[in-house]
Amino acid sequence: MRSGQGCFAARRIYVRRQQKFSPLVVFDLDKRKGLINVVVSIVFRLLLFVGGIFARRYLIQCVGNDANGLSSLYTSIIGFLAVAELGVGTAISYCMYKPIVEGNTEEVSALYRLFTRLYLVIGGIILVGGCVLMPFLPYLVGDYQSVDFNLYITFGIMLVATVVTYAYSSKTSLINAYKNNYVTTTITSVAQIVQYVLQIVVVILTRSFEAFLVCYVICALLQWIMTEIYARKKYMPVLKGSGSVSADTKKSIVRNVKGMFMHKAGSALVNASDSIIISAFIGSEILGKYSNYTIIMTNMTSVITLFFTPLTAIIGHLCVRDDREEIQRYFNFFYAFNFMLAVVFFLGYYGIIDNLVTIFFEDPADPQGLVMDKSVSIIVTINYLLQFMRQATLLFRDATGTFYYDRWKPVIEGVLNIALSIGFAYLFGRAFGEEYELIGIIAATIVTNLAICHTVEPFVLFKYALHASAKKFFIKNYACIAVFGLALLALHFSMQSFENEWVELVVNGFISVGISSVIVIGMFFADKDFRHYVLRIFTRVKAKLKGSSDYSVRNDG
């Protein structure tokens, strides 16, 4: 057993089947659950994207853009407070994979009960932390004097809505550990759809920001009820189990929690700090405009990320079998897929984002008032592209439990990001004007992403999980990023302007699709592993459609 591998090392005692597993083992062993998880997640995410856009549109039109900015600020602050979670969810869920595969219900039950206790403590810590932070809210809103809302009441409502979710988080993670992500996705999505409908109705009738936020609490309570009903019906033996966590397992959990705590802290410093710095240094009005661009981006990325995250448990079960050659080939496949998705979606985003902001969030009194300079679109596109290009690495990091080894990376990244954001905001503002302070803040995040995330994370994954050199991956990764940069430049100079927003959207959308298609086709023919596996999938599908009785995958590999 390799020292420090934690639960990952325990996979060595698993008795492997005589059959050799395919690099696309998910399509052989868990294809049904894997596909259900992905399809259900994508369908609901698209519905939630539409619902979220309309809820935000009516909030801006009925209450104002300041409320929109405050909502984004509160989300960032609470996201920062959620560092108290310490990565417990990922660490314990990972350790559930092995006992679930082995059918050890007693150990799963022990982990679940430990999980429950920890999350109740975490919810209490977040509640106390939020209350302590309340007196400082006026300092985090740069244009506080012009904001016509009670900061303490509105933030308090959001805080309560978040704390409620920790009452059922352990059951959600238990369901996901059994690879039933589609269940938790359905529960969460149904509750959020109800939330959006209520928010739209409430904000139109009352024009109250407070009433709008109360709908978050209702959504959290509805999720709690549905999760409780399903978990009691499906996993009652686990819920009523009386086993205890072994000393070795506790040691592994503590080790993994330490690693994930660093990741949570760093993630909070990076993701939450940008919005907080923008609000404190520039104002909630600019944050509101900027959040219109990011809400479309985050909803879009949440859709395409669902091609990866629902498969974490499935890949975790695969990793229990400890066939590193197959794992690396599977990783290579997903990285190529990651890049192709990124090119299509992020070029498309840049091509039509200004039109979408005007169409979705249009203020009748000032149709162009929410559209920002084109430099904002560019910087947002590059920033999120770099974050999304990490998906394959992060997916396999969580599945293989190697998050301990780069535990200091996110903390250094977060501290550096805050320092650079403040410094760049000042420098860009002095050099190019106040309107470029926002660009400086986002540029700092891009620098830290490139310099730290895209170097440390792959290095750790290849060294401790894949046991191979990451040199070729670094060359490939930065080459792909450079190709995207050139494609973005080509799109920028190819875009057309029209008086009609819809015509402009369609024309520029087609231009972006044309450019991205060239890159995707080129990647398909350049990457022989990706091409080989895709053709194999089509062969299997074709064979099944024809009802071939002699088709077999025993010799895959």
Side-chain angles (χ1 to χ4, degrees), residues 65-66 68-69 72-73 76 80 139-146 266 269-298 346-347 349-351 353-354 357-358 366 368-389 412-455 478 481-495 497:
N65 191 50
D66 282 342
N68 182 33
S72 299
L73 175 63
S76 297
F80 183 80
Y139 301 100
L140 300 178
V141 182
D143 48 358
Y144 167 66
Q145 300 299 330
S146 62
L269 287 173
V270 173
N271 296 329
S273 63
D274 283 350
S275 294
I276 295 174
I277 292 172
I278 291 170
S279 176
F281 284 82
I282 305 176
S284 61
E285 182 180 357
I286 295 298
L287 177 60
K289 291 183 178 181
Y290 170 71
S291 67
N292 291 333
Y293 283 76
T294 58
I295 193 64
I296 294 175
M297 172 63 82
T298 53
F346 288 95
L347 286 182
Y349 170 88
Y350 181 74
I353 182 58
D354 289 337
V357 168
T358 301
D366 186 12
Q368 296 295 320
L370 298 179
V371 176
M372 305 188 77
D373 189 83
K374 201 63 182 174
S375 58
V376 175
S377 304
I378 294 176
I379 206 75
V380 170
T381 301
I382 296 174
N383 182 34
Y384 279 90
L385 176 279
L386 293 176
Q387 293 185 40
F388 182 74
M389 284 297 291
I412 296 173
E413 175 197 1
V415 173
L416 181 62
N417 181 70
I418 291 177
L420 288 179
S421 293
I422 296 174
F424 279 20
Y426 176 78
L427 291 176
F428 277 56
R430 290 292 298 270
F432 307 109
E434 292 184 357
E435 63 273 17
Y436 281 89
E437 290 177 345
L438 174 62
I439 303 299
I441 293 172
I442 310 305
T445 305
I446 291 175
V447 171
T448 54
N449 246 312
L450 279 173
I452 299 178
C453 297
H454 281 270
T455 55
Y478 284 109
I481 292 173
V483 168
F484 178 84
L486 293 175
L488 184 63
L489 191 64
L491 174 60
H492 177 75
F493 288 106
S494 301
M495 291 171 61
S497 298

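Remember, predicted model here, so these are calculated numbers, not experimental data.
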Where is the tightest heavy-atom contact between C453 and E413, given as atom of each residue plus distance?
SG-OE2, 3.1 Å

Working to the nearest 0.5 Å, report the span between CG of N383 and CD1 of I378.
13.5 Å

Could you tell me the separation between the CD atom of Q387 and the CD1 atom of I382, rounded to the nearest 0.5 Å?
12.5 Å

Does N292 reach the main-chain N or O of V357 with its side chain, forming a donor-acceptor pair under 3.5 Å?
no

Describe, in one word, how the ring planes of Y436 and F432 are oriented to each other, choosing from parallel (under 30°), tilted (30 to 60°) and perpendicular (over 60°).
tilted

Ignoring hydrogens and geometry, is there a side-chain-to-backbone donor-acceptor pair from S279 to I276 under 3.5 Å?
no

Which label fits F484 and F346: parallel for a plane angle under 30°, tilted from 30 to 60°, or perpendicular past 60°?
perpendicular

Determine, stepwise, if the pair D274 / I442 fulfils side chain to side chain contact (heavy atoms under 4.5 Å, CB included).
CA-CA 7 Å; D274 283 350; I442 310 305; 4.3 Å; yes

Please check: side-chain N/O of S291 versus main-chain N/O of G69, any donor-acceptor pairing under 3.5 Å?
no

Is the backbone of I278 close enough, under 3.5 Å, to the side chain of Y290 for a donor and an acceptor to pair up by distance?
no

Neighbour count >12 (heavy atoms, 6.0 Å) for atom OH, Y478
yes

What pair of heavy atoms forms the shortest contact from I277 to S421, and how long is it?
CD1-CB, 3.7 Å

